[in-house]
Amino acid sequence: MSRMSFYEFCDENGLLIWHDFMFASGPYLATEPYLDNVKAEIKNVVLRRRHHPSIALWCGNNESEHNMAGGQRWLSNNPLFPGRNMTKFFMKPYHRLQHFMILTDYIGQAVLIILWIGTKSPDYQTTSGTVHTYEVWGGEKRFSAYSEMGKYRFVAEFGFQSLPHIETIHYFTKLEDRSFPSPILDHHNLTGKKPNQNQGNVRIITYAADMFRMPSDMKSWVIVSQILQGEGMKMGCEALRRNYPNSTGALYWQLNDNWPVISWSSIDYFGRWKALHYMAKDFSALSWSAVSHAMTQF
């Protein structure tokens, strides 16, 4: 839970908060004792925070339902779930928890509650609710797919990786490690590991080769990767803004890092801004204009 000064700063400066409860990408077996504990936590947290006008939305969890049946395939991979019955052990209990959250007076009239329950229509991603989309980074579509994000109502997560600041790379490498890719740089990018190959760094190289000339040194790789990341997030956000009011917002993944790493962040571990963080000041500005470009090369 963030310090009170964070909420007060957001209240005073007109910043809106997407407020997650602390359930994310992990299997939570919804037994009655566990749900009772969750209810107590929700009550405690919301009563202390509900008076802040900056809290625009309470989010029940991050990607949990997705990972039950798809994603990480908990139900098929974990023998501890009796009968692997998702309805009995997950969905029904969480529906009851959802009703608890909505019907109590802990939340307040003006706050929206979202739980990803998985009972939406087949086209829910483009007609209602929110979506996490990694069509480019994870699905390896052409970079121009970012310009098609206006089909979504609200994108709560999308991203593309880049290298951190060159001084951050110097912190965890020796001179002989400073080529891209290298075993040390692969170790500092844990996306899609395969034997002798790091898919995260390979993806950066692949898209950079499509968009730019191949860099010749480590510093150039930092610059090119960060511009590539910034352009992708800019294209996605501008596509959504062009489609307003059908599309009403986006949250790019992610803000910062908890270790020196090649990642989706716009601020690296030491607080150094990447190009994306500077670019976000422009493509998020209140006064804004954008042109949609037809991209046929990549």
- Query: Just how far is it from atom OG of Ser263 to atom CG of Asn258, taken to the nearest 0.5 Å?
  - Reply: 9.0 Å

- side-chain contact (heavy atoms from CB on, under 4.5 Å) partner of Ile262, the single match among Asp186, Asn201, Asp268, Thr168: Asn201

- Message: Does this structure show an ion pair linking Arg203 with Glu140, if we count only N-O contacts that are shorter than 4.0 Å?
- Response: yes

- Does Phe160 have its ring centroid less than 6.0 Å away from the ring centroid of Tyr134? no

- Message: Just by distance, no angles: are the side chains of Asn62 and Asp20 close enough, under 3.5 Å, to form a donor-acceptor pair?
- Response: no

- Query: For the residue pair Met279 and Lys234, what are the closest heavy atoms and their distance?
  - Reply: CE-CD, 4.1 Å

- Here the gap from Ser144 atom OG to Met235 atom CE, rounded to the nearest 0.5 Å, amounts to 6.5 Å

- Message: If hydrophobic clusters are built by linking Ile, Leu, Val, Met, Phe, Trp and Tyr wherever their side-chain heavy atoms come under 4.5 Å apart, do Ile227 and Leu276 end up in the same one?
- Response: yes

- Roughly how far, to the nearest 0.5 Å, is the CD1 atom of Ile184 from the CZ atom of Arg178? 11.5 Å

- Task: Answer yes or no: is there a side-chain heavy-atom contact under 4.5 Å between Met218 and Ile166?
- Result: yes

- Task: State, yes or no, whether a side-chain contact exists between Glu231 and Tyr146 at a heavy-atom distance under 4.5 Å.
- Result: no

- Check Asn256 against Gln254 and note the closest heavy-atom contact, atom names and distance. O-NE2, 2.8 Å

- Query: Is the Trp259-His188 ring centre distance short of 6.0 angstrom?
  - Reply: yes

- Message: Can you confirm whether Phe6 sits close enough to His52 that some side-chain heavy atom of one is under 4.5 Å from a side-chain heavy atom of the other?
- Response: no

- Stepwise side-chain contact (heavy atoms from CB on, under 4.5 Å) check, Glu157 with Thr130: CA-CA 9 Å; Glu157 187 177 316; Thr130 68; over 6 Å; no

- Message: Just so I know, are the side chains of Met149 and Val155 near enough to count as touching, which here means a heavy-atom distance under 4.5 Å?
- Response: yes

- Item | Spatial distance of atom NE2 (His19) from atom CD1 (Ile17) [nearest 0.5 Å] | 6.5 Å

- Message: Tell me which pairs pass salt bridge (Lys or Arg N to Asp or Glu O under 4.0 Å) where either residue lies in residues 215-226, with sequence neighbours left out.
- Response: none

- Message: Are the side chains of Phe21 and Val38 in contact, using a 4.5 Å heavy-atom criterion?
- Response: no

- Query: Is a donor on one side and an acceptor on the other found under 3.5 Å between the side chain of Asp11 and the backbone of Ser54?
  - Reply: yes

- Task: Search all heavy atoms of Phe283 against all heavy atoms of Gly230 and return the closest pair with its distance.
- Result: CE2-O, 4.4 Å

- Ring-ring centroid check Trp253 Phe158, cutoff 6.0 Å: no

- Item | Side-chain donor/acceptor of Asn44 to backbone N/O of Ala40, under 3.5 Å | no

- Task: Indicate yes or no: does Arg49 engage Glu8 in a salt bridge with an N to O separation below 4.0 Å.
- Result: no

- Say whether, by atom type as modelled, one donor and one acceptor occur between the side chain of Asn243 and the main chain of Gly150 under 3.5 angstrom. yes

- Residue pair Ser266 / Tyr252, side-chain donor-acceptor N/O under 3.5 Å: yes

- Considering residues, nucleotides and ligands other than Phe212, do more than 12 of their heavy atoms fall under 6.0 Å from its CZ? yes

- Query: Hey, is the main chain of Val136 close enough, under 3.5 Å, to the side chain of Tyr207 for a donor-acceptor pair?
  - Reply: yes

- Taking the side chain from Ser284 and the backbone from Ala280, do they hold a donor-acceptor pair closer than 3.5 Å? yes

- Query: Given side chains that start at C-beta, do those of Ser247 and Phe154 come closer than 4.5 Å, heavy atoms only?
  - Reply: no

- Query: Any link between Tyr278 and Met233 through a network of hydrophobic side chains (Ile, Leu, Val, Met, Phe, Trp, Tyr) touching at under 4.5 Å?
  - Reply: no

- Message: Would you compute the distance between atom CG of Leu163 and atom CD1 of Ile204 and round it to the nearest 0.5 angstrom?
- Response: 5.5 Å

- Item | Validation row: Val45, Trp58 side chains within 4.5 angstrom (heavy atoms) | yes

- Query: Side chains of Asp177 and Ser182: is there a donor and an acceptor less than 3.5 Å apart?
  - Reply: no

- Donor-acceptor pair, Arg153 side chain versus Asn246 backbone, under 3.5 Å? yes

- Note on the structure: One should read off an interatomic distance between Ile205 CD1 and Leu228 CG, to the nearest 0.5 angstrom, of 11.5 Å

- Query: Does Met214 belong to the same Ile/Leu/Val/Met/Phe/Trp/Tyr cluster as Phe143, with side-chain heavy atoms less than 4.5 Å apart forming each link?
  - Reply: yes

- Message: Does either side chain, that of Ser162 or that of Lys274, offer a donor lying less than 3.5 Å from an acceptor on the other one?
- Response: yes

- Between Phe270 and His165, does the ring centre distance come in under 6.0 Å? no

- Task: For residues Gln161 and Gln229, determine if any side-chain heavy atom of one lies less than 4.5 Å from a side-chain heavy atom of the other.
- Result: no

- Leu175-Ile169 co-clustered via ILVMFWY side chain contacts under 4.5 Å: no

- If Ile, Leu, Val, Met, Phe, Trp and Tyr residues are connected whenever their side-chain heavy atoms lie under 4.5 Å apart, and connections chain through other members, are Ile223 and Trp264 in the same group? yes

